[in-house]
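Notes follow the structure.
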Amino acid sequence: MIKSDKTGLVFFPAFDWAITPTHPERQERLLYTRDQIFEEGLMDLPRIREYKPRLATFKDICRTHFCVPGVKDQVTHAHLIAAGGALVIADALMAGEIRNGFALVRPPGHHAMRVVHGNRGFCSINNEAVMVDYLRKKYGLKKIAIIDTDVHHGDGTQDIFYHDPDILVISFHQDGRTLYPGSGFTNEAGGPTAYGRTLNVPLPPGTTDEGIHYVLEKLILPVLDDFKPELVVNSAGQDNHFTDPLANMKVTAQGYARLNEKLKPDIAVLEGGYAIETALPYVNTGIILAMAGMDYSNVVEPDYSPEKFILSREKKEWIEKVVAELTAVWERRDAIDIEVLRAKSEYFQRQKTIFYDTDGINEYQTEKFRLCPECGGYLAISSQAYHYNGIQHNILALSIPFNGCHECREEAYAEYETGIGRKIYDYVYFQDRVSDTYRGYSREKDREWEE
Amino acid sequence: MYCTGYSKKCGTSLLKTVKVNTIEGDNVFIGIDVGGTYTDAVLTDGKSILRKHKTLTGHDNLLPSLLEALDAMIEGQDISLIQRVVLSTTLITNIIAERKYPPVALILVPGPGLNHGEYKYNTLTHIVSGAIDYRGREAVPVGRGEVSRAGEDIVKKGFKHVAVVGKFSGRNNAHEVLIKQILESEKPGLTVEMGHTVSGQLNFPRRIATTLLTCATREAFSGFVKSVIKSLAERGLRAPAFMLKADGGTLPLETALKRPVETIFSGPAASTLGALSLSPKGQTSVVVDIGGTTTDLALILSGEPLLAARGAKVEEFLTHVKSFAVKSIPLGGDSTVVVREGQIRILPERQGPAFCMGGKAPTLTDALVYLRKAEIGDREKAIEIMEKLAGETGRNSRDTAGEIVTMACQTIVSAIEQMFINWEQEPAYRIWEIMQKTKIRPNNIVGIGGAAGGIIPDVARQMNCTAIIPEHAEVANALGAAVAQPTVTISLRVDTERGRFTVAEDGSTGAVPQGRLFREEDAIKLARERLFHLAEELKIKDYVKKTEVVHCEVFNMVREWTTTGKIYDISIQTPRDILFYLGQEETVDD
Ligand SMILES: [Zn+2]
Ligand SMILES: [Zn+2]
Ligand SMILES: [Zn+2]
């Protein structure tokens, strides 16, 4: 790679897109952030290079997601541009034009799972996951780490990479017993072939800069040292901020900036953060300066005073305990003997129920995962979605990993064809990431399509 | 025959006024461009060019060149028919480039954000405490004591000029106003310029630079403008006189005094507007102005010259000055040609005039003259130097000259392609902007400058466009000045929760009714009122007939799930059109 000293920036505030006019994910969300970063003149800094976002293609979406019924039913232009913004940064990084980059885009994505029946947690398309899969396909990257610094558990990202040993997903967040989406506990640590490659750090409400920096230094940085990813992605939510209306944490703009300085993500992608006046203008300015290697010490919120932000002994102990527990998980990451599991069954199965808060959908999923000795193993997902308005979708989706072996592809394809023949499925999907072809079948139209 | 600056037939003095016509009772217009090298002038009745004049600019004092051009236009002319005079000069460009301005000290109020050490403007800079936020709310009051001490120091160090600029001063100018009051009462000798009156547009560092330059150039500019006004009066000219701005608009001389920096880079604006007037209305064209050492490219998209997405760079300063998007490439008629390892190369430099004009080295012009694509200088000399080059390339002289011209064309074609790509890649922050910016390619290539006739037809052919080499192209700049019109733009921000509005262009501010009573229609109406108000202040109200809403964005302000107000971001302007089109009288279409 050519050495560049620049930080790439895609700023896409989607001033003409909202979930509903009063929803937190509305036009106004990045207005004051725009005002702040423009007034600061950040785009003129010699170390900053601004890029225009592009539209992600339907194929880019299908490489990661199964959109039901199809991509066009789940995405708007805004979603394609937000994901495309992350892809622009990825391309610039791989071309050596930039040293690191920040896709400051909305709508967000980290609650979007592999199967997309609708919008959940303000997310439809997982921007980071689409970008990671794009980097693997286009540039052949293998090991990538995603660090989710949003206050909510990055359950969508977790779901997408749960069985993938090459993608490390670490999320720290406010404890799921006190916050949406209610998941992200330490025992959710990855499938049998990717154990420890998902790490969840539930934190007590009221966690301060000190608390998240403890997690960063004692857990995240050492794990990254061991994992040795080719690329680190920050799933950069900003709702741990002390003024965020949807959560209860006490992180400051300084805390977020310093986190990026230490984590040194190659790419950051904006996620949540709904204190649109009191947090976002400052946190985003801080992150941009930190990524550009510039001094951010003067980026302080008007009502900031350090004495307000002392971490209690009790909370500190909680965090220490969680970090110790996860360190142990990480150390055991290669302890599972797949052959022992395979001796019992060639397939690993799990059931999930998923609730889509924004769109009011209940989904019931069965994941069947082949414990393949050759490749990562293919995944068969059968999913029934019950929409609040009575619509039901029953689908079968087959996913081949990037390194999928011949046997897995043959077997998955056979299952796809069998699925088409079975009347219970309204839609059947085949995601072949080896050949980069994505097919779907609609029973109603009795027709196959390809993206 | 017309005299062109390029043609040898006029002799080297270029000092010839051509009278084409005498005027019979029609209104006429004068445009004068005092450029870096040439001063051009035209007299036109809006249908054709009645007189034109081209002379070398006297560098140390621009006024004599300007007056000579003016006199050439009005000599024997019924001056009561002159409707207006528009001037374009390099005065501000020269003052800034040569640093012929008094030192200006800075008092800045940056508040939180970028490290204060980033504000480096190579002059005495005092940073005082105070902060305004993005909505114009005071977060930290001004440190009055610090302001007094700064004033003390500034006077002690011999400064007479101070620029006072605060972050977000466009949203709330109270801090700048207060600092000016303190300084003027405590240090009466100081001249104080406030940032919000220069530009309230977002971008604090650019506002600092623009305010600094405004403060620095005001005196010299005012001296020049006063002598121009006096000279016009001496000649009995009572027609209104205007200055051309970098964005192609014009301001009356007296009001240009308020915004001297906006008259910088009026030359490229003049040549683009001139080309616009000489090409078919409403089409997409590239204006290629081939000079001696550089070629300037400008885009006209569906009849409108493209403005640069960001303010102009003036020497080392990034400013808020709006200007046309002009791309300069280091290629011109005098570019030196060399052969290295058998390969022809056009160097991005000038070693002197063309060989056929008495120079020492072969140039692009020599190749054009050899190929009979230009008639200038001594063709025998051009043949001689092409034959010498052919000896080095190992091909015959015709092929050698041909290849030089082909290379020049390719350089221009790829620069044009790149300019369109850059335009497509300009950041966009709205879905519709991203969806809308599709591939657009030009209809016409309009060539200006002596070498244009020899190169532009090939460039146009490669790009599948029509080549236009307009007659009178040698005075395109003056024509551009003549056809330029006053323009006004207003960027209004209304915050109904706070009950305030601010205007970025003139820093004006005021109250609006709070809450839901103030609707989008009211906001647009207010924007129109502010536009007329500004037009009146700029003394161009008579020119404001129509207004157009460039963009209008409404943001619902929601606090704890209820709508507490709205923010309107509205931008309206007068239509950006020129006074008249002369059309192209001559189309080279081969
Ligand atoms: Zn998280
Ligand atoms: Zn969140
Ligand atoms: Zn396999």
Side-chain angles (χ1 to χ4, degrees), chain A residues 9-18 20-24 26-45 50-55 76-78 80-81 84-85 88 245 253 276-278 281-282 285-286 289 294-304, chain B residues 110-119 131-140 167-171 201-209 309-311 313 318 422 424-435 437 493 551 553-563 565-567 569:
Chain A
L9 197 56
V10 163
F11 181 56
F12 181 64
F15 284 150
D16 40 4
W17 184 86
T20 64
T22 58
H23 194 279
R26 66 180 177 277
Q27 297 90 340
E28 188 193 3
R29 186 170 164 230
L30 292 176
L31 175 63
Y32 313 108
T33 296
R34 189 267 311 257
D35 286 357
Q36 189 75 36
I37 65 182
F38 281 24
E39 178 67 354
E40 296 285 356
L42 298 187
M43 304 302 194
D44 286 338
L45 292 173
E50 190 183 5
Y51 288 86
K52 181 186 176 181
R54 66 163 189 260
L55 277 87
T76 61
H77 286 145
L80 294 175
I81 298 168
V88 165
I276 61 175
E277 287 206 64
T278 47
Y282 306 100
T285 303
L289 291 178
M294 295 180 65
D295 178 27
Y296 54 81
S297 61
N298 189 37
V299 182
V300 279
E301 304 83 344
D303 53 346
Y304 170 76
Chain B
L114 218 58
N115 181 309
H116 294 169
E118 294 289 327
Y119 303 116
I132 301 282
D133 78 2
Y134 39 81
R135 284 184 62 202
R137 295 169 299 206
E138 181 180 74
V140 180
K167 200 178 278 176
F168 287 115
S169 65
R171 296 278 159 84
Q201 298 207 59
L202 293 174
N203 200 321
F204 177 56
R206 284 179 186 257
R207 191 177 319 114
I208 297 171
R310 295 178 186 179
K313 188 172 182 197
L318 295 172
N422 290 349
E424 283 158 11
Q425 290 304 319
E426 269 173 15
Y429 306 110
R430 294 158 193 91
I431 297 164
W432 69 265
E433 290 174 324
I434 290 170
M435 305 308 298
K437 260 193 188 175
R493 154 76 57 115
H551 87 246
E553 275 168 349
V554 186
F555 297 92
N556 272 320
M557 303 184 69
V558 181
R559 298 298 175 265
E560 316 203 350
W561 302 92
T562 50
T563 305
K566 285 186 194 298
I567 283 183
D569 257 344

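Convention: sequence-line order gives letters A, B, ...; per-chain numbering from 1.
Proximity of Leu114(B) to Leu42(A): side-chain heavy atoms (C-beta onward) are separated by under 4.5 Å at one or more points. Put simply, the side chain of Thr563(B) reaches to within 4.5 Å of the side chain of Thr22(A), judged on heavy atoms.
Listed for the Arg26(A) side chain is a donor-acceptor partner under 3.5 Å among the backbone atoms of Val558(B). Between the side chain of Asp16(A) and the backbone N or O of Ile431(B) there is at least one donor-acceptor pair closer than 3.5 Å. Glu39(A) contributes no side-chain N or O that, together with a main-chain N or O of Lys167(B), makes up a donor-acceptor pair within less than 3.5 Å. Within the 3.5 Å criterion, the main-chain N or O of Gly111(B) finds a donor-acceptor partner in the side chain of Asn298(A).
Considering only heavy-atom pairs separated by less than 4.5 Å from chain B, the leading option among Arg54(A), Glu301(A), Glu277(A), His23(A) is Glu277(A). Comparing Arg310(B), Glu118(B), His116(B) by heavy-atom pairs within less than 4.5 Å of chain A, the highest count is held by Arg310(B). By number of non-hydrogen pairs under 4.5 angstrom with chain B, the leading residue of Arg34(A), Glu50(A), Met43(A) is Glu50(A). Comparing Asp295(A), Val299(A), Asp35(A) by how many heavy-atom pairs each has under 4.5 Å with chain B, the most go to Asp35(A). Listed options Pro245(A), Pro21(A), Pro302(A) were ranked by heavy-atom pairs under 4.5 angstrom with chain B; first place goes to Pro21(A). Heavy-atom pairs under 4.5 Å with chain B were tallied for Ala253(A), Ala78(A), Ala18(A); the largest tally goes to Ala78(A). In terms of non-hydrogen atom pairs under 4.5 Å with chain A, the most contact-rich of Glu553(B), Gln201(B), Arg559(B) is Arg559(B).
Note on ring orientation: taking the six-membered ring where Trp is involved, the planes of Tyr282(A) and Tyr134(B) are tilted (angle from 30° to 60°).
The CG atom of Leu31(A) sits 11.5 Å away from the CG atom of Asn556(B) when rounded to the nearest 0.5 Å. A distance of 10.0 Å separates CZ in Phe555(B) from CG in Leu30(A), rounded to the nearest 0.5 Å. Atoms CG and CG, from Asp44(A) and Asn203(B) in turn, are 5.0 Å apart once rounded to the nearest 0.5 Å.
Using a 4.5 Å cut-off between heavy atoms, Ile276(A) contacts chain B through its side chain alone, with no backbone atom that close. At a 4.5 Å heavy-atom cutoff, the contact between Arg430(B) and chain A is made by backbone and side-chain atoms alike.
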Legend entry - side chain to side chain contact (heavy atoms under 4.5 Å, CB included) evaluation trace for Arg135(B) with Tyr32(A): CA-CA 8 Å; Arg135(B) 284 184 62 202; Tyr32(A) 313 108; 3.6 Å; yes

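Here the closest heavy-atom approach between residue Glu424(B) and residue Lys52(A) is recorded as O-NZ, 2.6 Å. Of all non-hydrogen atoms in Phe168(B) and Gln36(A), the two that sit nearest each other are CE1-OE1, 3.5 Å. Of all heavy-atom pairs spanning Pro53(A) and Ala428(B), the tightest one is CD-O, 4.2 Å.
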